[in-house]
**Q** 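Provided herewith is a single structure, encoded as structure tokens, for subsequent inquiry.
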Amino acid sequence: MTGKTHVAIGTAAALLIGQPENIREVVLCIGTASVGSVISDIDVSTSEARRDVNKVIAITLLAVIATVFMEYQWKLGITASFMRNSNLVRLVMGMTAFLGVCIFGKSRPHRSFMHSLPAVGILSFILYIIYPILVPYFIISMLSHIAADIFNYKNVRLLYPLKWGISLDLCRADGLISKVLCGAGSLLTFFYLGVFLWRTGMNFLGGM
Ligand SMILES: [Zn+2]
């Protein structure tokens, strides 16, 4: 699967399964799912795959900047919610730990630690320290990445550090299935957002 496909599937899954309740949660859900659906591929190490790592970093920065911008522009209440549920010390400690785990994951072989259930557990626990509301969206999107990669030909070491891995060898990264899933995920996301905005009657727009 390409990065685009992972983002499309992960975002759609996080919205449909996570069911954010208001526009603030929708923004947090999409931001978190964008990162959760690509963070696993920080472990690619060959020179041609360096572009993929750059993409993961770019998507992460973009998600953070877009969320901060929307909060600033539309006063979604993310800052107040964050201060109620966390604090700056937890944010700094958590981000340091998150970065540490990613650096460790990057030093491991592709589709091992960063594509395993222990990594989902550890990163989710760290996110819980940072801001608990993000956790379900992160778990869903990271699991969607791992599940999608299992359809590929390279073994996914789901239970790292065990050497055992699983792959169904059904599709290639840029093959037809990947493109179809990318289109389906994007359509579902836009459909969900359309219905969400229609149901909330665009109320939040009045407050902008
Ligand atoms: Zn992957």
Side-chain angles (χ1 to χ4, degrees), residues 1-18 29-64 97-127 134-186 188-189:
M1 307 290 162
T2 61
K4 251 190 300 184
T5 304
H6 280 304
V7 171
I9 303 173
T11 308
L15 283 169
L16 293 172
I17 303 170
C29 172
I30 294 176
T32 309
S34 306
V35 178
S37 58
V38 292
I39 196 74
S40 296
D41 281 346
I42 201 96
D43 65 7
V44 287
S45 54
T46 54
S47 56
E48 74 269 21
R50 190 129 307 172
R51 277 177 311 148
D52 292 338
V53 176
N54 290 341
K55 268 190 226 164
V56 174
I57 295 167
I59 289 171
T60 304
L61 285 176
L62 204 69
V64 172
F98 197 93
L99 200 65
V101 172
C102 288
I103 290 170
F104 170 76
K106 192 162 165 34
S107 73
R108 303 290 92 197
H110 185 38
R111 296 204 177 145
S112 62
F113 174 69
M114 285 305 283
H115 287 69
S116 71
L117 297 180
V120 176
I122 293 168
L123 289 174
S124 301
F125 176 70
I126 293 171
L127 266 194
L134 308 179
V135 174
Y137 310 129
F138 183 81
I139 293 177
I140 295 164
S141 53
M142 192 169 174
L143 285 180
S144 82
H145 179 116
I146 296 170
D149 274 357
I150 288 175
F151 284 90
N152 216 292
Y153 64 93
K154 190 176 180 351
N155 269 352
V156 173
R157 285 171 62 188
L158 212 52
L159 299 175
Y160 183 94
L162 294 186
K163 289 258 186 286
W164 172 83
I166 180 170
S167 92
L168 298 176
D169 198 10
L170 287 173
C171 59
R172 290 288 178 270
D174 51 359
L176 180 67
I177 295 180
S178 175
K179 290 194 174 92
V180 169
L181 286 173
C182 184
S186 310
L188 273 172
T189 299

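Sequence positions, counted from 1, serve as the residue numbers for this chain. Whatever order the structure lists ligands and atoms in, that order sets their numbers, starting from 1.
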**Q** Any side-chain donor-acceptor pair under 3.5 Å between His110 and His115?
**A**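 Judged by distance alone, the side chains do not pair up.
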**Q** Take atom CZ in Phe104; do more than 12 heavy atoms of anything else shown fall under 6.0 Å from it?
**A**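 Yes, enclosed.
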**Q** First locate atom NE2 of His6, then atom CG of Asp41, and finally report the distance between them rounded to the nearest 0.5 Å.
**A**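 Rounded to the nearest 0.5 Å, the NE2-CG separation comes out at 5.0 Å.
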**Q** Taking Ser40 for its side chain and Met114 for its backbone only, find out whether a donor-acceptor pair lies under 3.5 Å.
**A**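 Indeed, once roles are kept as given, a pair shorter than 3.5 Å links the two residues.
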**Q** Going by atom types only, do Ser144 and Ser141 share a side-chain donor-acceptor pair under 3.5 Å?
**A** no
**Q** Among protein atoms, how many N/O/S atoms lie less than 2.8 Å from the Zn ion (ligand 1)?
**A** 4
**Q** Is it the case that more than 12 heavy atoms not belonging to Lys106 sit under 6.0 Å from its NZ atom?
**A** yes
